[in-house]
There are 2 protein chains.
Amino acid sequence: MKYSEYKKLLKDHTLRITDCRINVLEKFYNTTHALSFKNLEDALSDYDRVTLYRTLSSFIEKGLLHRIPSDDGYASYGLCREDCTEGGHHHDHVHFKCNVCGHIECLPAYHVPKVELPGYEVNEQNLIVSGVCKICRKSFNGE
Amino acid sequence: MKYSEYKKLLKDHTLRITDCRINVLEKFYNTTHALSFKNLEDALSDYDRVTLYRTLSSFIEKGLLHRIPSDDGYASYGLCREDCTEGGHHHDHVHFKCNVCGHIECLPAYHVPKVELPGYEVNEQNLIVSGVCKICRKSFNGE
DNA sequence: GAATTAATGCAACCAAATTGCATCATGACT
DNA sequence: AGTCATGATGCAATTTGGTTGCATTAATTC
């Protein structure tokens, strides 16, 4: 993706264009898996931690990123490819966590099956599947 | 549940019988929803934080409790009604988070639908549904 | 009931995340 | 382009959640 496209993306989500934000966006768009705060901090060490925290939360608020809960407590962040806005997030894709490489992926191709819970009002569903990802399985079999 | 039953429960999971552990168990068995660490700390303030943390982790290790991840980062803990042991946990029930009262419930009656992910090896699945729980819906409609 | 082993409480510690505030940059407007 | 209001950034300080070490106390085994 080009610089001007990142700029547009920010503009479209009513966010000011800054170096830090462009760099964070770039990082997300050039990675197949979700990123933890630590990932970002390591990759973009010239920005203050506080700034990165605030960048993440503004991105979540404006519908650019979504938070992916994890069983170990460390959240990751994934790009919103759907039409998320400031109004709210609308995700129904599956999240996969690989126990070998530790990466968390969004699987936009796989939708969370709707669960019927009589008596309850269901607003959101979040499915986290864990196991071994494609890449790690291949490198196992390859040797 | 009676005191002697809690004792048996601890014994069966190779845990020593202590006041703190009995009280924690009691708390879980007398609540319909999952409990966060904060919940426990408030309810059992005569025990040290450290002791409660260690109680929780020993219970998880021995298969009495399971950790329920949440999107907001605050984990909750729920009773294992299934046959979990030190060897491992075996849960496939749905977790529900109410956005009104904030409580997280285990729904043992509802199982997580198996997702097929070609190329991946699936070990575990975790489904968190959020919305409005039965009780909160009723109190809405009641007025 | 004595010995062994584990649980508890306290203090200190550590890491993750947040807040306040001064400074600097962005975008709107002339 | 230049000015101004507003928002973003970086630093220091603080808060929060959780852990570790260790001495004391309690539970289990014989």
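Residue numbers start from 1 in every chain, and the chains themselves are labelled A, B, ... in the order their sequence lines are given, proteins ahead of strands. Fair warning: this is a prediction, and the values are worked out from it, not measured in the lab.
Residue B:R21 is in sugar-phosphate contact alone, with no base atom involved, counting any heavy-atom pair closer than 4.0 Å across all strands shown.
A straight line from NZ of B:K11 to P of C:dA6 spans 17 Å, rounded to a whole angstrom. Here the C1' atom of nucleotide C:dT8 and the CG atom of B:L56 are 15 Å apart, to the nearest Å. Rounded to whole Å, atom C1' of C:dA25 lies 15 Å from atom CG of A:L15. With rounding to whole Å, B:I22 atom CD1 is found 14 Å from D:dA26 atom C1'. To the nearest angstrom, P of C:dG9 lies 8 Å from CG of B:L52. Rounded to whole angstrom, the span from the CG atom of B:L10 across to the P atom of C:dA6 amounts to 16 Å. Across the protein-nucleic acid pair, B:Y53 atom OH and D:dT20 atom P stand 12 Å apart, rounded to whole Å. With rounding to whole Å, B:D48 atom CG is found 13 Å from D:dT19 atom P.
A donor-acceptor contact under 3.5 Å links the side chain of B:R49 to the base of D:dG18. In this model, no side-chain donor or acceptor of B:R54 finds a partner on the base of C:dT8 within 3.5 Å.
Nearest nucleotide to the side chain of B:C20, out of C:dT8, C:dG27, D:dG10: C:dT8.
Contact annotation: B:T51 side-chain N/O to C:dA7 OP1/OP2 distance is not under 4.0 Å. At C:dT8, one or more side-chain N or O atoms of B:T18 fall inside 4.0 Å of OP1 or OP2 (strictly under the cut-off).
Taking the six-membered ring where tryptophan is involved, the planes of B:H91 and B:H89 are essentially parallel, since the angle between them stays under 30° and well short of 60°. Taking the six-membered ring where the residue is Trp, B:F37 and B:Y53 present parallel rings, their angle staying beneath 30° rather than reaching 60°.
Results of the side chain to side chain contact (heavy atoms under 4.5 Å, CB included) test with B:L127 over A:V94, A:N126, A:V129, A:V115 single out A:V115 as the only residue that passes.
Nearest-nucleotide positions on DNA chain D place A:R16 closer to the 5' end than the other of A:V50 and A:R16.
You'll find the side chain of A:I68 reaches within 4.5 Å of the side chain of A:C106, heavy atoms only. With a 4.5 Å cut-off on side-chain heavy atoms, B:H90 and B:H66 do not count as touching.
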